[in-house]
Structures are given as structure tokens and as C-alpha cells.
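Some notes on the structure that comes next.
All values below were derived from every heavy atom in this structure, side-chain atoms included, with hydrogens, water molecules and symmetry-related copies excluded. First the proteins, then the strands, lettered A, B, ... as listed; each starts at 1.
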Amino acid sequence: MDSAASPADQSKPAVAKDENGTGSDDGKEEDYKMPDNASETLYLQNLNETVRVDFLKQTLQNLFKSYQVVPPVIAHGNLRMRGQAFVSFPNKEIADKARREVAGFPLYGKPMQLSFAKTKSDVIVRKEEGEEGLESHKKRRLEHKKETRKNNPLRQKMQAKLKAAAAADPTGAAAVAPRRPQIQMPDEYLLPNALLFLQNLPDGTTKEDLHEVFNQYPNLLEVRLIPAKKDIAFVEYADEESATVAKEALHNFKIDGETKMKVSYAKK
DNA sequence: AGCACA
């Protein structure tokens with residue numbers, strides 16, 4: 001069992017204002033044209049490889065819930081496929097929206113890299129062509145696999161060429177500067193940290209108040225208030241495990257009997 | 001880095 005909260009409990013990522021283009025600060029929406037390699041399925045890379053795959057799948061399912069993710073999320077833990085996943089959506093437009101809005105989202109400490117999958121997912125094929133269509137799709141996949149075995153020299157040459165071209169092309173997608181993800185960071189996706197971040201403290205909370213509350217849990221090191229912002233604070237424990245115990249016990253705790261204090265891991 | 005569907 002993971003010490004992290006079950007992914008099913010996790011709040012959905014709040015999408016930044018995305019109506020009428022208010023969520024976009026980089027150009028007019030009307031001019032936007034979806035890339036022609038768009039797909040119903042996104043290919044995710046740079047995922048934290050230390051997260052267990054079924055937990056990761058659940059998390060992704062949850063993270064993309066507001067985009068009507070079509071299950072199943074596909075991920076594998078083997079050498080070739082770890083750190084990657086496939087997430088499908090009802091159509092290309094929604095997939096593209098998710099791609100643009102979630103790009104760079106720091107899931108468990110690593111900014112997600114999103115692109116369109118280059119082949120259709122089985123779920124999508126089934127939706128579009130039914131069960132029979134899916135069968136032939138799978139058959140074709142099998143055959144294609146044989147033609148493109150890893151050590152096919154022709155294939156390797158071609159790949160090297162494409163890679164060089166992509167690197168040389170400053171307008172290529174790979175050259176686009178990473179930008180800030182457009183969705184809010186739910187703290188459930190932060191990595192465990194011995195340092196906790198408190199929010200929504202009631203007016204007049206003192207260092208002593210916090211010390212008393214957090215000292216109920218072992219290995220407390222220090223409490224730091226933020227003079228300029230009196231509703232937030234940091235609480236440091238000796239190690240992540242101790243911090244986790246306190247965080248889970250005290251998140252939403254009402255110090256004054258009515259104001260729910262938010263406790264999350266501090267960002268690293 | 002790595003494009004799957006057990």
C-alpha cells in the first residue's frame with residue numbers, strides 16, 4: 001500500500017479559465033488550427049518511473065477526468081515502455097485541448113510531456129469500427145510488428161535521419177519552449193516532502209498554536225509563519241514519513257473550530 | 001530515450 005492517498009480520492013485538476021479563450025494568454029483562439037497529426041489519444045512521456053503503474057494509471061484517469069478520458073489508460077512498467085502512457089479522449093478536439101492545457105503539468109515532480117499517439121488506440125478503433133474492426137486492426141498490428149523489428153537496419157537509418165531533421169528544425173514541436181501548465185496544481189500530485197505547506201489558517205493563528213497542534217505528531221522540527229501572508233505557514237518535520245503522518249491527520253483540521261486548514265507537501 | 005493495447 002502506498003503512503004500517498006488513493007488516486008480515487010484525488011480532486012480533479014481544476015481547469016484554468018478556459019471559456020471564451022480567457023485561459024489563453026498567447027494568441028487568438030479563432031486563429032488556432034489543430035495540428036494535422038492530431039489523434040484521439042495522447043502519448044505521455046517523462047512520467048515519474050518510481051510510481052507504480054496501476055497507481056499511475058488511476059492518477060491519470062483522474063487527472064484527465066474533466067476531459068472525459070476514455071478508459072483504459074495504458075501504461076507498462078517494462079524497460080521500453082516505462083515513464084510513458086496512452087490516454088484516450090472522445091475526439092481529437094478534446095484530446096488537443098487536454099494536450100495544450102495539461103502540457104508541463106508536474107505530476108509527481110516531473111513535467112508531463114504530451115503529444116499525439118501515432119497509432120489509434122484499441123478503444124477508439126472499437127468505438128469507430130466495432131468489434132470486427134478491432135480484430136482486423138489487431139491483426140494488422142501483428143503484421144506490422146514483424147516488418148519493423150528493432151534491428152532492421154533500414155529502419156534505424158530512417159530514424160536517425162528523422163531525428164537529425166527534427167533537431168535541426170527550430171520550428172519543430174520539439175523546439176517549443178516549455179511553458180507553464182494551464183491547470184491548477186492539486187497538491188495530491190506533489191511529491192512527499194518533510195516540509196509541509198499550510199494554507200487557510202484562521203486569523204490570528206500564532207506560531208505557538210501551530211506548534212501545539214503539529215507537535216502531537218512526532219519529529220516536528222520547526223514552524224515558520226510568513227509575516228507578509230498570515231494565512232499560510234510552513235511546518236518542517238525530520239523526515240517525509242513523519243510529515244506524511246501529520247499531513248494526513250491534520251489536513252482540513254479546524255484550529256479555531258470552523259476554518260479548515262489545508263495541509264499539503266511543500267513544492268520541492 | 002523509449003508509441004501499446006495480454
Side-chain angles (χ1 to χ4, degrees), chain A residues 7 34-65 67-92 94-96 98-100 102-169 172-178:
Chain A
M34 202 169 42
D36 46 359
N37 69 334
S39 161
E40 296 81 2
T41 300
L42 295 182
Y43 172 57
L44 318 199
Q45 288 173 100
N46 199 38
L47 303 175
N48 189 326
E49 299 180 11
T50 67
V51 177
R52 310 195 68 97
V53 296
D54 19 274
F55 187 83
L56 179 68
K57 288 197 264 189
Q58 275 305 307
T59 300
L60 291 171
Q61 181 83 37
N62 213 279
L63 181 67
F64 286 101
K65 192 147 54 193
Y67 302 97
Q68 307 158 66
V69 51
V70 177
V73 168
I74 304 286
H76 298 281
N78 61 48
L79 186 58
R80 178 148 168 265
M81 292 310 298
R82 69 183 48 162
Q84 303 148 74
F86 297 85
V87 182
S88 295
F89 301 90
N91 57 54
K92 295 180 181 181
I94 297 181
D96 186 40
R99 181 182 64 89
R100 291 175 358 248
V102 182
F105 182 86
L107 183 66
Y108 302 120
K110 303 196 69 185
M112 276 196 276
Q113 211 165 291
L114 307 193
S115 54
F116 293 109
K118 42 196 200 204
T119 59
K120 266 196 195 300
S121 289
D122 286 358
V123 248
I124 302 299
V125 174
R126 181 187 286 116
K127 246 176 52 158
E128 291 175 352
E129 306 172 33
E131 212 57 52
E132 334 73 60
L134 179 58
E135 286 320 306
S136 51
H137 178 78
K138 283 183 173 174
K139 207 158 287 174
R140 260 179 279 132
R141 180 162 69 224
L142 247 301
E143 288 158 12
H144 186 257
K145 218 169 214 173
K146 284 174 188 163
E147 294 161 17
T148 57
R149 9 169 48 84
K150 260 210 273 302
N151 42 13
N152 183 333
L154 210 79
R155 182 164 186 265
Q156 288 182 339
K157 208 179 226 176
M158 183 59 77
Q159 284 186 328
K161 193 176 273 184
L162 289 174
K163 206 162 266 183
D169 177 12
V176 172

* **Rounded distance in Å - CZ (R126(A)) to P (dC5(B))** => 14 Å
* Structure fact -> Of the listed dG2(B), dA4(B), dC5(B), the closest approach to the R141(A) side chain comes from dC5(B)
* **Atom pair distance, as rounded to whole Å: NZ in K120(A) and P in dA4(B)** => 16 Å
* To do: Kindly determine whether N46(A) and K110(A) satisfy side-chain hydrogen bond (donor to acceptor under 3.5 Å, both in side chains), including the steps that lead there.
  => CA-CA 7 Å; N46(A) 199 38; K110(A) 303 196 69 185; 3.0 Å; yes
* T41(A) vs K120(A) side-chain heavy atoms within contact, under 4.5 Å -> no
* Asked: To the nearest Å, how far apart are I124(A) CD1 and dC5(B) P?
  -> 16 Å
* Using whole Å, report how far CZ of R82(A) lies from P of dA4(B). => 15 Å
* Heavy atoms under 4.0 Å, any strand shown: does Q113(A) hit a base, just sugar-phosphate, or nothing? -> nothing
* Under 3.5 Å, is there a donor-acceptor pair between the side chain of D96(A) and the main chain of M34(A)? -> no
* To do: For L44(A) and dA4(B), give me the distance from atom CG to atom P, rounded to whole Å.
  => 14 Å
* Asked: What about T41(A), does its side chain sit under 3.5 Å from the base of dA4(B) through a donor-acceptor pair?
  -> no
* Structure fact -> The ring-ring contact (aromatic ring centres under 6.0 Å, His included) partner of F64(A) among F86(A), F89(A), F105(A) is F89(A)
* Over how many whole Å does the gap from K110(A) atom NZ to dG2(B) atom C1' extend? -> 12 Å
* To do: Kindly state whether the pair F86(A) / dC5(B) counts as stacked, where counting means centroids closer than 5.5 Å and planes tilted less than 30° apart.
  => no
* Please state how far atom NE2 in H137(A) lies from atom C1' in dA4(B), giving the value in whole angstrom units. => 9 Å
* Please report, rounded to the nearest Å, how far the P atom of dA1(B) is from the CG atom of L47(A). => 14 Å
* To do: When you get a sec, tell me which of dA4(B), dC3(B), dG2(B) is the closest nucleotide to the side chain of K118(A)?
  => dC3(B)
